[in-house]
**Q** 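Here's a structure for you.
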Amino acid sequence: MTLSFCTTTKNAALSSGTNAKYSYAEDVAPLIGKYCSPCHFPDDGNLKFLDTHKAVARNIDDIIYRVDLSPGQDNFMPAGADIGLSNTEIQLLKDWRDSGMN
């Protein structure tokens with residue numbers, strides 16, 4: 001039996017090369033909120049671009065491409081940051097995409 005909601009189980013699945021089951025609400029939305037806010041869904045209503053599951057799913061390939069770049073490269077996200085997402089966080093986005101983006 002696998003505990004699919006357990007962070008330790010998900011991390012073990014990542015390190016073993018298997019796809020863990022991630023959800024938008026529990027796993028992806030917090031990352032988007034942490035790294036993409038306030039630019040992509042600001043309180044003032046401007047540029048609400050990544051504020052929904054549908055918007056993130058529609059743009060996931062571009063998101064992954066940009067966060068996988070090195071700081072200083074053109075199109076690196078999060079813009080202006082000295083460091084980006086960890087390899088584990090980037091892999092989480094890839095696994096979420098590959099598992100159907102639920």
Side-chain angles (χ1 to χ4, degrees):
M1 178 166 96
T2 302
L3 302 173
S4 62
F5 296 104
C6 176
T7 302
T8 304
T9 301
K10 288 178 181 178
N11 289 340
L14 283 175
S15 65
S16 70
T18 62
N19 284 346
K21 184 71 172 175
Y22 293 104
S23 77
Y24 174 78
E26 291 185 27
D27 302 299
V28 176
L31 285 180
I32 298 297
K34 178 179 177 181
Y35 292 106
C36 305
S37 177
C39 297
H40 292 288
F41 49 100
D43 291 334
D44 65 9
N46 291 325
L47 194 60
K48 287 195 175 188
F49 182 61
L50 297 175
D51 59 339
T52 66
H53 174 277
K54 185 177 180 179
V56 173
R58 183 176 47 242
N59 292 286
I60 193 63
D61 290 328
D62 190 48
I63 293 167
I64 291 169
Y65 168 75
R66 290 170 180 254
V67 300
D68 213 10
L69 294 170
S70 297
Q73 285 185 287
D74 288 343
N75 298 315
F76 169 77
M77 290 289 164
D82 293 331
I83 60 171
L85 282 70
S86 70
N87 289 337
T88 301
E89 291 167 326
I90 294 169
Q91 188 62 50
L92 183 153
L93 293 173
K94 291 176 181 178
D95 287 345
W96 177 71
R97 176 197 59 199
D98 295 346
S99 69
M101 296 183 284
N102 293 316

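Note that the structure is a prediction, hence the values are computed from the model and not measured. For the single chain, residues carry numbers from 1 onward in sequence order. These values consider heavy atoms only, across backbone and side chains, with no hydrogens, waters or symmetry-generated copies.
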**Q** Give the minimum heavy-atom separation between F76 and V67, together with the two atoms involved.
**A**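 The pair with the smallest heavy-atom distance is CE1-O, 4.4 Å.
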**Q** Which class fits the ring pair W96 and H53: parallel under 30°, tilted 30 to 60°, perpendicular over 60°?
**A**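 Perpendicular: the ring planes of W96 and H53 meet at over 60°.
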**Q** Any chance you could measure K94, atom NZ, to D61, atom CG, to the nearest 0.5 Å?
**A**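 K94 atom NZ to D61 atom CG measures 11.0 Å (nearest 0.5 Å).
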**Q** Atom CG of D95 and atom OH of Y22: how far apart are they, to the nearest 0.5 Å?
**A**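 The CG atom of D95 sits 5.5 Å away from the OH atom of Y22.
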**Q** Quick one: which of N102, L93, I63 gives a side-chain contact (heavy atoms from CB on, under 4.5 Å) with V28?
**A**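 Among the candidates, only L93 passes.
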**Q** Which residue, E89, H40, M77, forms the side-chain contact (heavy atoms from CB on, under 4.5 Å) with Y35?
**A**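 Of all the options given, the one that passes is E89.
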**Q** With clusters defined by side-chain heavy atoms of hydrophobic residues (ILVMFWY) lying less than 4.5 Å apart, directly or transitively, does I90 cluster with Y65?
**A**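 No, separate clusters.
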**Q** If you take all heavy atoms of V56 and L50, which pair is closest and at what distance?
**A**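 Looking at all heavy atoms of both residues, the shortest contact is CG2-O, 3.8 Å.
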**Q** Evaluate whether atom CG of N87 has more than 12 neighbouring non-hydrogen atoms of other residues, nucleotides or ligands under 6.0 angstrom away.
**A**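 Atom CG in N87 is not crowded, with 12 or fewer foreign heavy atoms closer than 6.0 Å.
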**Q** Indicate the atoms forming the closest heavy-atom contact of P78 with L85, along with that distance.
**A**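 So the two residues come closest at CD-CD1, 4.1 Å.
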**Q** Look up atom NZ in K54 and atom CG in N59, then write down how far apart they are to the nearest 0.5 Å.
**A**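 Rounded to the nearest 0.5 Å, the NZ-CG separation comes out at 11.5 Å.
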**Q** List the atom of P30, the atom of Y24, and the distance in Å for their closest heavy-atom pair.
**A**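 Residues P30 and Y24, closest heavy atoms: CD-O, 4.1 Å.
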**Q** Do F49 and I64 share a hydrophobic cluster, counting only Ile, Leu, Val, Met, Phe, Trp and Tyr and linking them when any side-chain heavy atoms are less than 4.5 Å apart?
**A**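 F49 clusters together with I64.
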**Q** On a heavy-atom basis, which atom in P71 and which in A81 lie closest, and how many Å separate them?
**A**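 Nearest pair, atom of P71 first, then A81: CB-O, 4.0 Å.
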**Q** First locate atom CD1 of I60, then atom CG of D98, and finally report the distance between them rounded to the nearest 0.5 Å.
**A**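 Going from CD1 on I60 over to CG on D98, the span is 9.5 Å.
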